[in-house]
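Working notes, structure below.
Hydrogens, waters and symmetry mates are skipped; everything else that's a heavy atom, side chains included, is used. For ligands, and for the atoms within them, numbers begin at 1 and follow the listed sequence.
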Amino acid sequence: MSLKLPAPVERFTTDSDQPLRQGAYRSALRDERLAAILGSSLGILFSVCFVTGLYSHLQQHPLSWLPIPARPAGLYRLSQGVHVVSGIASVPVLIAKLWLVWPRFVSFPVAKRASQVVERIGLFPLVAGGIFMTFSGVANIAQWYPWRFSFTASHYWMAWVTMGSIVAHLGAKWAIARRALTRPSRRPALADADPVLGTTAEVAGDGLSRRGLLVTVGAASGLLTLTTIGQTIRPLRRLGLLAPRDPATGPQGRPVNRGAANAGVVDLANSAAYRLEVSGRVARPLSLTLDQLWAIPTHTTELPIACVEGWSYSARWSGVRVRDLLAMAGAEPDRTVLLESLEPRGAYRTSTLNAGQAADRDTLLATELDGEPLALDHGFPCRLIAPNRPGVLQTKWVTKVVVL
Ligand SMILES: Nc1nc2c(c(=O)[nH]1)N[C@H]1C(S)=C(S)[C@@H](COP(=O)(O)O)O[C@H]1N2
Ligand SMILES: [Mo]
């Protein structure tokens, strides 16, 4: 059977029957089904990214009535890995989706009905939010901060705006998307040609087919994932061409975030005046010299450092259990514990352990990494290492333990 090609269509009639400017909308790829497939993929990726991002936010800004449990030990590592992977993988999908719907933004007249005006306005936070979230996230992973505002605050609040507009968009497009996704994908006869442009690309023969475009987008997402996931999955580290971190490069074969020199702690950490102090709500405040710290029985455990930026490594740590230290000082039970670093300033100089985290058998002030004395850049004389915790809360160069 030979199909007659349809004449180029200049009208866009999906759900907002407005004529487009001449020639603004030529590619037959730009059809409903493709928009629905890309849109739902993006919706799934963004939702996964949102949930894991929310978890990361709660870890760093805990709610008193929702204490973060210390177990499972590797949960944060998994969750943050998924967060960064889903964010990176969404970039090609977002680009394809924007390219696909772009003619809508430049179509004229802007809108006929009030409902369309509202829908158009609603697209602004959706598009701006999607672009902002992926751009700021990727820039953060690359440790590039081309803005003046706080990354964490803006990334967090824009996530709500973006998710809110996704939900609204989904509500507006539900019926269309459903129809487009459930319609069997076959070569359409001219009679039941695609409502957007007459027929699909397979019929129109307009360069890249719909399937070809989807395969390209999927491959781009997969490739981006594969070339960055090596920063956290060690066997894949050779593939990590785009990964900002190599999990095996750094002092003691481990990457470092903010070394001792940058943190301004070299002299303090090496000083004979160093003490580990345990104070606050304790019966016997402690002030331990290095020798006294080393004399306390140690515990060894395998735990990950999982940076919010998505890279991570698992290592064997030995050190004093925080709960043993608290018992030595006669601390009141079930208390929040504040840890302070030698680092004189900056957001990372303190972190807190909730009661459950402080009491965990694997919550240590580590003095050894993989059986060797802890390197200065990894937090010598001692650093916190605890299960299910973002890297940013694994405070290095600890000098004070305060029972609150
Ligand atoms: N005092 C202090 N502790 C810190 C940091 C810091 O800048 N200062 N960086 C944190 C971050 S963001 C991470 S990911 C881990 C990295 O640990 P590492 O450098 O030993 O790999 O240390 C954490 N502990
Ligand atoms: Mo980090």
Pairing donors with acceptors under 3.5 angstrom, does anything connect the side chains of [X] and [Y]?
X	Y	answer
Asp324	His299	no
Arg389	Ser351	yes
Ser314	Glu302	yes

Are any protein N/O atoms closer than 3.5 Å to the N/O atoms of ligand 1? If there are, list each pair with names and the distance to one decimal place.
| unit_1 | atom_1 | unit_2 | atom_2 | d |
| --- | --- | --- | --- | --- |
| ligand 1 | 1 (N) | Ser341 | OG | 3.3 |
| ligand 1 | 1 (N) | Glu343 | OE1 | 2.7 |
| ligand 1 | 1 (N) | Lys396 | O | 3.3 |
| ligand 1 | 3 (N) | Lys396 | N | 3.0 |
| ligand 1 | 7 (O) | Arg258 | NE | 3.4 |
| ligand 1 | 8 (N) | Glu343 | OE1 | 2.6 |
| ligand 1 | 17 (O) | Arg383 | NH2 | 3.1 |
| ligand 1 | 19 (O) | Asn257 | N | 2.9 |
| ligand 1 | 19 (O) | Lys396 | NZ | 2.6 |
| ligand 1 | 20 (O) | Tyr313 | OH | 3.3 |
| ligand 1 | 20 (O) | His378 | ND1 | 2.6 |
| ligand 1 | 20 (O) | Arg383 | NH1 | 2.9 |
| ligand 1 | 21 (O) | Pro255 | O | 2.7 |
| ligand 1 | 21 (O) | Tyr313 | OH | 2.7 |
| ligand 1 | 22 (O) | Arg383 | NH2 | 3.3 |
| ligand 1 | 24 (N) | Gln394 | O | 3.0 |

Can you label the angle between the Trp144 ring and the Phe135 ring as parallel, tilted or perpendicular, going by 30° and 60°?
perpendicular

Just grab all the salt bridge (Lys or Arg N to Asp or Glu O under 4.0 Å) pairs involving residues 265-283, residues at least two apart or on different chains.
Arg281-Glu332

Asn354 (side chain) donor-acceptor with Pro67 (main chain) under 3.5 angstrom:
no

